[in-house]
There are 2 protein chains.
Amino acid sequence: MRADARRNYERLLAEADVAFREHGTDASLEEIARRAGVAIGTLYAHFPTRQALLESLMRERNDQVIGQGEELIKERPPGEALEAWARISVAHTTAYRGLAASLISCFDDPTSPLYGACHAMTEMGERLVERAREAGGIRPDASASDLFALITAAAWVREQVSEEQAERLLRIMIDGLRPQEG
Amino acid sequence: MRADARRNYERLLAEADVAFREHGTDASLEEIARRAGVAIGTLYAHFPTRQALLESLMRERNDQVIGQGEELIKERPPGEALEAWARISVAHTTAYRGLAASLISCFDDPTSPLYGACHAMTEMGERLVERAREAGGIRPDASASDLFALITAAAWVREQVSEEQAERLLRIMIDGLRPQEG
DNA sequence: ACCTGAACACCGTTCAAGT
DNA sequence: ACCTGAACACCGTTCAAGT
């Protein structure tokens with residue numbers, strides 16, 4: 001990659017982050033290009049779709065979330081690790097308004113640039129769920145895709161509503177994941 | 001209201017319903033006007049905002065949901081009534097893609113045309129929650145706003161994902177609403 | 001009292017032409 | 001190898017002019 005191209009790439013990512021933070025994932029691509037000091041065609045050359053841009057922005061952060069899952073598995077009892085990782089993932093999915101929707105909609109779309117990210121998260125979820133299930137910490141029928149739906153739903157609520165309210169629903173969902181009597 | 005105005009009003013509502021069903025609540029207003037056979041200005045004269053249009057579309061349906069809540073209170077035990085009404089409300093909120101977001105975002109915005117609908121739903125939720133709480137059917141700290149968040153979150157998931165997956169998460173959320181051990 | 005539709009501002013996306 | 005920006009298609013919203 002040529003040096004000027006690399007520089008444009010970095011500036012586009014930085015401005016996209018600013019714009020997505022401020023206006024959500026629907027932010028204007030033209031404004032991102034303008035603020036990065038490049039023509040709109042340059043943005044499209046580097047990122048053919050909005051999802052591709054989003055994927056590049058999330059990549060590092062996503063790796064971190066997976067890494068934190070590994071650590072939790074090593075250091076914490078099953079139920080605790082699962083809940084802690086769910087909370088980390090919700091916070092992660094709250095980076096931009098609209099991100100939760102982008103993530104859940106690529107869950108079963110292998111052609112999406114974000115599919116890899118979803119898949120990696122689901123695999124880590126699978127390990128945490130499996131471990132908690134063996135320990136009897138969660139209901140036996142709970143799956144990794146339930147956890148994924150729970151995380152994105154909690155993040156979506158968090159986008160729209162007070163932190164207190166979002167926390168209350170997250171509490172209810174996590175409790176609902178535990179073994180049920182009767 | 002003049003007869004021709006009334007006719008335009010009705011046609012706009014009918015076409016908006018078609019468009020929202022097909023493209024979600026972000027459907028093109030210009031297309032709705034075009035299909036209704038009126039100029040775009042006429043649409044704006046009848047419905048100053050997209051939310052106002054949505055509100056008119058939901059009004060009847062909303063009254064029905066409240067009415068069904070009344071019946072459930074009369075005919076069913078507290079826990080059962082609550083769960084049944086939650087399911088009815090989720091289905092109601094699934095009418096158009098994007099409706100769950102519109103509803104939750106007007107929850108604490110009294111200036112929104114949809115505020116009345118949210119408020120009515122929350123009041124009915126309050127009655128059902130109160131009744132279930134007295135019977136010990138739900139956790140003592142659960143509130144009507146928790147129920148509202150739960151319903152919209154479940155509807156949002158349903159918009160994005162298979163009915164089976166949505167049902168699984170709804171089951172988890174409703175179970176999490178029950179009294180928790182420990 | 002209601003309707004029309006041009007006008008304005010904005011956006012996503014492509015692609016021929018430039019360096 | 002990469003960048004530019006005009007061109008096209010589309011949309012939301014307003015408002016002066018018409019009936």
Side-chain angles (χ1 to χ4, degrees), chain A residues 1-57 96-99 101-102 105-106 109 111-114, chain B residues 1-57 96-99 101-102 105-106 109 111-114:
Chain A
M1 201 160 173
R2 235 161 60 180
D4 58 339
R6 161 118 269 148
R7 203 176 127 270
N8 285 338
Y9 178 90
E10 302 295 354
R11 291 202 58 183
L12 281 165
L13 275 183
E15 293 300 338
D17 181 60
V18 172
F20 285 179
R21 267 181 215 287
E22 193 166 357
H23 301 113
T25 57
D26 287 336
S28 161
L29 298 179
E30 283 191 333
E31 193 186 328
I32 292 170
R34 200 160 48 235
R35 296 231 247 172
V38 303
I40 183 64
T42 303
L43 187 151
Y44 277 93
H46 284 290
F47 307 102
T49 65
R50 187 182 291 271
Q51 297 251 319
L53 180 51
L54 200 51
E55 195 276 336
S56 297
L57 279 172
Y96 312 123
R97 193 159 24 91
L99 179 56
S102 298
S105 78
C106 78
D109 173 16
T111 71
S112 165
L114 283 168
Chain B
M1 200 159 173
R2 233 161 60 183
D4 57 340
R6 162 117 270 148
R7 202 176 130 271
N8 285 338
Y9 179 90
E10 302 294 355
R11 292 201 58 183
L12 281 165
L13 275 184
E15 292 300 339
D17 181 60
V18 172
F20 285 179
R21 267 180 214 289
E22 192 166 359
H23 301 113
T25 56
D26 287 335
S28 160
L29 298 180
E30 284 190 333
E31 193 186 327
I32 291 169
R34 201 160 48 237
R35 296 229 247 171
V38 303
I40 183 65
T42 302
L43 184 151
Y44 276 92
H46 284 290
F47 307 102
T49 64
R50 187 182 291 273
Q51 296 251 318
L53 180 51
L54 200 50
E55 195 277 335
S56 296
L57 278 172
Y96 312 124
R97 194 159 23 92
L99 178 58
S102 298
S105 78
C106 78
D109 173 16
T111 71
S112 165
L114 283 168

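What you see is a predicted model; the values in this text were computed from it and never measured. Each chain gets a letter, A, B and so on, in the order its sequence line appears, and its residues count up from 1.
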Q. How close or far is atom P of C:dC2 from atom CZ of B:Arg7, stated in whole angstroms?
A. 15 Å

Q) Under a 4.5 Å cut-off applied to non-hydrogen side-chain atoms, are B:Leu53 and B:Leu13 in contact? A) yes

**Q.** Test item: A:Arg50 side-chain N/O and A:Ala27 main-chain N/O as donor-acceptor pair under 3.5 Å
**A.** yes

Q.
Are A:Val38 and A:Arg11 packed together at the side-chain level, in the sense that at least one heavy-atom pair is separated by less than 4.5 angstrom?
A. no

Q) With a 4.5 Å limit on heavy-atom distance, are the side chains of A:Tyr44 and A:Leu29 in contact? A) yes

Q: For the residue pair B:Tyr96 and B:Leu57, establish whether any side-chain heavy-atom pair is separated by less than 4.5 Å.
A: yes

(Q) Walk along nucleotides 7-19 of chain C from 5' to 3' and tag each nucleotide B, S or - by protein heavy-atom contact under 4.0 Å, base first, then sugar-phosphate. (A) ----BBBBB----

Q) Please give, in whole Å, the distance from D:dT4 P to A:Leu43 CG? A) 11 Å

**Q.** Atom pair distance, as rounded to whole Å: NE2 in B:His46 and C1' in C:dC3
**A.** 9 Å

Q) Would one find a side-chain N or O of B:Asn8 under 4.0 angstrom from OP1 or OP2 of C:dC3? A) yes

Q) With A:Gln51, which of A:Thr25, A:Leu114, A:Asp109 fulfils side-chain contact (heavy atoms from CB on, under 4.5 Å)? A) A:Leu114

Q. Atom CZ of B:Arg7 and atom CG of B:Leu12: how far apart are they, to the nearest 0.5 Å?
A. 10.5 Å

Q) So what does B:Ala45 touch, heavy atoms closer than 4.0 Å: a base, only the sugar-phosphate, or nothing? A) nothing

Q) Within this structure, what is the CZ-to-P distance between A:Arg6 and D:dC2, rounded to whole angstrom? A) 11 Å

Q.
Requiring both pairing distances under 3.5 angstrom, list the stems that contain DNA chain D and are made of three or more consecutive Watson-Crick or G-U pairs.
A. C:4-8 with D:12-16, C:12-16 with D:4-8

Q.
I need the CG-C1' distance between B:Leu12 and C:dT4, as an integer number of Å.
A. 14 Å

Q.
Here's a test for you: under side-chain contact (heavy atoms from CB on, under 4.5 Å), which of B:Ser112, B:Pro113, B:Ser102, B:Cys106 qualifies with B:Leu54?
A. B:Ser102

